Visitor: 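Before I ask anything, let me first share the structure, which is written out below as structure tokens.
Bear in mind that the values here come from a model prediction, so they are computed numbers and not experimental data.
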Amino acid sequence: MRTNSIRTAFTVLAAAALAAVTGTASATPAASHPAKQRQASPVLVDCFWHPDVRPAEFILACGDGNSRLVSLHWSHWNQNSAVARGVNMVNDCKPYCAAGKFHAYPVVVTLDHPQPWKKKPQLQHYTRMTLIYTHDHPDGYAQKVSYPLWN
């Protein structure tokens, strides 16, 4: 009789184990074809460490605000690069910055070199900005200027 009890207990345990394995397997999706996750477009990180997509304005001179991009109209924004037209407002700082005047310079802005953002590694952010002045450019600036963007 003891043999029948052991056999019955073994059968019940085996059935329970089989049911647990089968139940788990049927509840899990097949992993042979992992679903592609849609990667979000890279962001542009501002002076206050806020990520943004297609901002209308962007401060270039974080310390004093003497150079900023305004009226940005984005024609392109994807995994590799972004392009906008806008205006770079630059203080001439004559005779000194507090008494200077802001001048408007039309620009084409390009963003590229996306990398994982150190603050939020799950987000990609653009790490280089290039300004191409379409007419005049501020004194001391080249017609085309590239800036590394912070991490």
Visitor: Does D139, at its CG atom, have more than 12 non-hydrogen atoms belonging to other residues, nucleotides or ligands within less than 6.0 Å?
Guide: no
Visitor: So, does Q122 use its side chain to make a donor-acceptor pair with the main chain of W117 at under 3.5 Å?
Guide: no
Visitor: Any chain of hydrophobic side-chain contacts (each under 4.5 Å) joining V53 to M129?
Guide: yes
Visitor: Once you round to the nearest 0.5 Å, how far does NE2 of H125 lie from NZ of K118?
Guide: 8.0 Å
Visitor: Is it true that a side-chain atom of W77 and a backbone atom of P42 form a donor plus acceptor pair closer than 3.5 Å?
Guide: yes
Visitor: Any idea which heavy atoms bring R68 and I59 closest together, and the distance?
Guide: CB-CA, 4.0 Å
Visitor: One pair to check against side-chain contact (heavy atoms from CB on, under 4.5 Å): L69 and L131. What are the steps and the verdict?
Guide: CA-CA 10 Å; L69 299 171; L131 304 180; 4.0 Å; yes
Visitor: Please name the pair of heavy atoms, one in H73 and one in S71, separated by the smallest distance, quoted to 0.1 Å.
Guide: CD2-O, 3.1 Å
Visitor: Would you check if L149 and L111 make a side-chain contact, meaning some heavy-atom pair closer than 4.5 Å?
Guide: yes
Visitor: Measure the spacing between CD of E57 and CG of D52 and express it to the nearest 0.5 Å.
Guide: 11.0 Å
Visitor: With a 4.5 Å limit on heavy-atom distance, are the side chains of R85 and T134 in contact?
Guide: yes
Visitor: Would the distance check show the side chain of R54 and the main-chain N or O of W74 forming a donor-acceptor pair, the cut-off being under 3.5 Å?
Guide: yes
Visitor: Could you check whether any side-chain N or O of Y133 sits under 3.5 Å from a backbone N or O of A142, counting only pairs where one atom can act as donor and the other as acceptor?
Guide: no
Visitor: With sequence neighbours excluded, tell me which residues meet side-chain hydrogen bond (donor to acceptor under 3.5 Å, both in side chains) with D136.
Guide: none
Visitor: Mind checking the CG-CD spacing from N80 to Q124? Nearest 0.5 Å is all I need.
Guide: 10.0 Å
Visitor: Would you say the side-chain atoms of S67 pair up with the backbone N or O of L60, donor to acceptor, closer than 3.5 Å?
Guide: no
Visitor: Are any side-chain N or O atoms of N66 and backbone N or O atoms of V90, one a donor and one an acceptor, separated by less than 3.5 Å?
Guide: no
Visitor: Roughly how far apart are D112 CG and T127 OG1, rounded to 0.5 Å?
Guide: 7.0 Å
Visitor: Would a single hydrophobic cluster contain both Y147 and V43, if residues Ile, Leu, Val, Met, Phe, Trp and Tyr are joined by side-chain heavy-atom contacts under 4.5 Å?
Guide: yes
Visitor: How long is the gap from OG on S81 to NE2 on H76, to the nearest 0.5 Å?
Guide: 3.0 Å
Visitor: Measure the shortest side-chain to side-chain distance between L44 and P55 over non-hydrogen atoms and say whether it is less than 4.5 angstrom.
Guide: yes
Visitor: Honestly curious: do I132 and V145 fall in one hydrophobic cluster under the side-chain, below-4.5 Å linking rule?
Guide: no
Visitor: Which atom pairs, donor and acceptor, lie under 3.5 Å between side-chain atoms of residues 96-108 and protein residues at least two apart or in another chain?
Guide:
residue: H103; atom: NE2; partner: D92; partner atom: OD2; Å: 2.8

Visitor: State, yes or no, whether a side-chain contact exists between F58 and C47 at a heavy-atom distance under 4.5 Å.
Guide: no
